[in-house]
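Below is one structure, written out as C-alpha cells; the observations come after it.
Chain letters run A, B, ... following the sequence lines, proteins first, then strands; residues in each count from 1. Please read these numbers as outputs of a predicted model, since none were measured by experiment.
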Number of protein chains: 2
Amino acid sequence: MDSLTIAEQLTVHGIKPSYPRIQIYKYLYTKKNHPTVDDIYNDLIEEIPTLSKTTVYNTLNLFIEAKLVKSFNLDKNEKRYEIIIHDHSHFQCERCNKIYDIPCDDINLLPKEYEGFKVNEKQIFLKGICEECLK
Amino acid sequence: MDSLTIAEQLTVHGIKPSYPRIQIYKYLYTKKNHPTVDDIYNDLIEEIPTLSKTTVYNTLNLFIEAKLVKSFNLDKNEKRYEIIIHDHSHFQCERCNKIYDIPCDDINLLPKEYEGFKVNEKQIFLKGICEECLK
DNA sequence: ATCATATATGTAATGATTACATTTAGGGAA
DNA sequence: TTCCCTAAATGTAATCATTACATATATGAT
Ligand SMILES: [Mn+2]
Ligand SMILES: [Mn+2]
Ligand SMILES: [Zn+2]
Ligand SMILES: [Zn+2]
C-alpha cells in the first residue's frame with residue numbers, strides 16, 4: 001500500500017493524514033512484526049528526525065480509537081501493536097522471541113454453561129518453540 | 001485449605017513456609033479473583049501490618065519460579081496472579097470487570113501448517129459482557 | 001550467646017505510559 | 001498577504017508497576 005492509499009484509508013476513518021501518521025501506519029502495514037512503541041520510534045526517527053515518542057503514543061491511541069489498530073500484551077508489561085485484520089492467534093517462540101500470526105478457525109471457546117455470555121473480543125497467545133528453532 | 005496443609009504444600013515445593021508466604025498463598029487460594037499485587041498488599045496489610053509490597057513481589061516471583069503460581073496480563077499493564085490449576089480460559093466483563101474462569105477443552109489451536117511448532121503454554125482471554133450484566 | 005544463612009523490608013532506580021502545557025503547521029476569512 | 005483559529009506535534013514532568021540492591025530481622029545450628 002502506498003502513501004496515497006494510506007492517506008485515503010486514514011481519511012475514511014476520520015483521521016487527517018499527516019506525515020507522521022502516514023509513516024506510522026505504513027510501518028505497521030509493511031513490517032507486520034507486532035512492534036512496541038520503542039521499536040516504532042527507533043526505526044522511524046531516522047526518517048522523521050523531529051518525531052517524538054509522545055507522538056507515537058498519541059497516533060497509536062488515535063488509530064486504536066478508530067479501530068484501525070489494536071494493542072495487546074504478551075508476558076512483558078509492554079504493549080505491542082498491529083493493524084486489525086482477520087482474527088488470528090499469536091505464537092511467541094521462547095528461544096528466538098519471534099511472534100507468529102497463527103490462523104485461527106472461528107471456534108466457540110465458551111462451553112454450554114456460559115452461552116449467556118456475549119463475547120466481543122478474543123485473544124489467544126501460545127508460547128513454545130518455533131519450527132525453525134527446533135531444527 | 002488450612003495453614004498447616006499450605007505450609008506442607010510450600011515445603012513440598014522447596015519453599016520455607018514463613019508467615020507472609022503462607023498468608024499470600026492462602027489469599028490466592030481462597031479468593032480466586034486473579035488479584036494484582038496491589039489487591040494482595042492492600043488486603044493483607046491489615047492482617048500483617050509489617051508487610052511490604054516488595055515482599056509481595058518477591059513471594060509471588062518465588063511461587064512462579066516454583067511453578068505454584070502463574071501471572072498474566074489482561075489489557076492493562078498490571079500483572080494478575082493465580083494459583084496454577086487445570087488449564088482454563090479467562091473472560092473479563094467489560095461492564096463489571098469481573099474475571100471468570102472458563103473451562104477449556106484441550107483443543108488444538110495450531111493448524112496443520114504449524115504442527116512443527118512445540119506449544120508449552122497457552123492463554124485464552126475473552127472480553128465481552130457477562131450473563132449477570134446482560135440481565 | 002554467636003554465627004551463618006534465609007527471609008523480609010526500605011529506598012531508590014528503571015521503564016512504560018499518560019497528563020498537560022507549549023509550540024508548530026495548515027486552512028480559511030478579512 | 002496577514003490574521004486567526006484549530007488541529008497536530010512536541011517537550012517536560014508526573015504516574016504507576018516493577019525491579020535492583022542494600023539493610024535489617026528472624027531462624028536454627030554450633
Ligand atoms: Mn498478529
Ligand atoms: Mn483463572
Ligand atoms: Zn524460534
Ligand atoms: Zn459483568
Side-chain angles (χ1 to χ4, degrees), chain A residues 3 6-7 10-27 34-66 68-82 97, chain B residues 3 6-7 9-27 34-66 68-82:
Chain A
S3 299
I6 287 178
L10 296 181
T11 305
V12 165
H13 285 80
I15 294 170
K16 293 201 179 170
S18 69
Y19 187 66
R21 288 172 178 178
I22 289 174
Q23 292 309 113
I24 291 171
Y25 190 92
K26 185 188 283 186
Y27 183 89
H34 315 89
T36 64
V37 164
D38 244 51
D39 293 334
I40 299 171
Y41 175 79
N42 288 322
D43 284 357
L44 288 185
I45 190 64
E46 296 178 18
E47 167 79 23
I48 320 172
T50 59
L51 185 66
S52 97
K53 210 175 268 191
T54 308
T55 299
V56 179
Y57 275 108
N58 289 343
T59 304
L60 289 169
N61 287 335
L62 189 71
F63 288 169
I64 288 173
E65 196 70 26
L68 275 170
V69 164
K70 68 174 179 179
S71 71
F72 60 93
N73 288 84
L74 298 185
D75 46 356
K76 281 207 304 197
N77 276 8
E78 193 178 16
K79 283 191 185 133
R80 293 180 173 274
Y81 299 83
E82 70 178 347
N97 287 319
Chain B
S3 300
I6 286 177
Q9 178 86 346
L10 295 181
T11 305
V12 166
H13 284 80
I15 294 170
K16 291 203 179 169
S18 70
Y19 187 65
R21 287 172 178 177
I22 290 174
Q23 292 310 111
I24 291 171
Y25 190 91
K26 185 188 282 184
Y27 183 90
H34 314 88
T36 64
V37 164
D38 244 51
D39 293 334
I40 299 171
Y41 175 79
N42 288 323
D43 285 356
L44 288 185
I45 190 65
E46 297 178 19
E47 168 79 22
I48 320 172
T50 59
L51 185 66
S52 97
K53 210 175 268 190
T54 308
T55 298
V56 178
Y57 275 108
N58 289 342
T59 303
L60 289 169
N61 287 335
L62 189 70
F63 289 170
I64 289 173
E65 195 71 25
L68 276 169
V69 163
K70 68 174 180 179
S71 73
F72 60 93
N73 287 85
L74 297 186
D75 46 355
K76 281 207 303 198
N77 276 8
E78 194 178 14
K79 284 192 184 132
R80 293 179 173 276
Y81 298 84
E82 71 179 346

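- For the pair A:Asn42 CG and C:dG15 P, the interatomic distance rounds to 13 Å; values are reported in whole Å.
- The NZ atom of B:Lys79 sits 12 Å away from the C1' atom of C:dG15 (whole-angstrom rounding).
- Put simply, CD1 on B:Ile45 and CD1 on B:Ile40 are 13.0 Å apart, with the number rounded to the nearest 0.5 Å.
- One can place CG of A:Leu51 at 15 Å from C1' of C:dT24, the figure rounded to the nearest angstrom.
- The CG atom of A:Asn77 sits 15 Å away from the C1' atom of C:dT18 (whole-angstrom rounding).
- No donor-acceptor pair under 3.5 Å is formed between the side chain of A:Arg80 and the backbone N or O of A:Leu74.
- Defined by atom type and a distance below 3.5 Å, a donor-acceptor pair is present between the side-chain atoms of A:Asp39 and A:Thr36.
- The structure places NZ of B:Lys70 at 13.5 Å from CG of B:Leu68, a figure rounded to the nearest 0.5 Å.
- Sorted by residue number, the members of residues 53-62 of chain B with any non-hydrogen atom under 4.0 Å from DNA chain D read B:Thr54, B:Tyr57, B:Asn61.
- No contact: B:Thr36 has no heavy atom under 4.0 Å from any strand.
- One interatomic measurement links the two molecules: CG of A:Asp39 to P of C:dA16, which rounds to 10 Å at whole-angstrom precision.
- Residues B:Tyr27 and B:Gln23 have side chains not in contact (no heavy-atom distance under 4.5 Å, counting atoms from C-beta outward).
- For DNA chain D, the outermost nucleotides in 5' to 3' order that have an atom under 4.0 Å from a heavy atom of chain A are D:dA7 to D:dT18.
- Here the closest non-hydrogen pair linking B:Ile48 and B:Pro20 is CD1-CA, 4.2 Å.
- Separating the CG atom in A:Leu44 from the OG1 atom in A:Thr59 is a distance of 10.0 Å, to the nearest 0.5 Å.
- Note that the NZ atom of A:Lys79 and the CG atom of A:Leu60 stand 10.5 Å from one another [nearest 0.5 Å].
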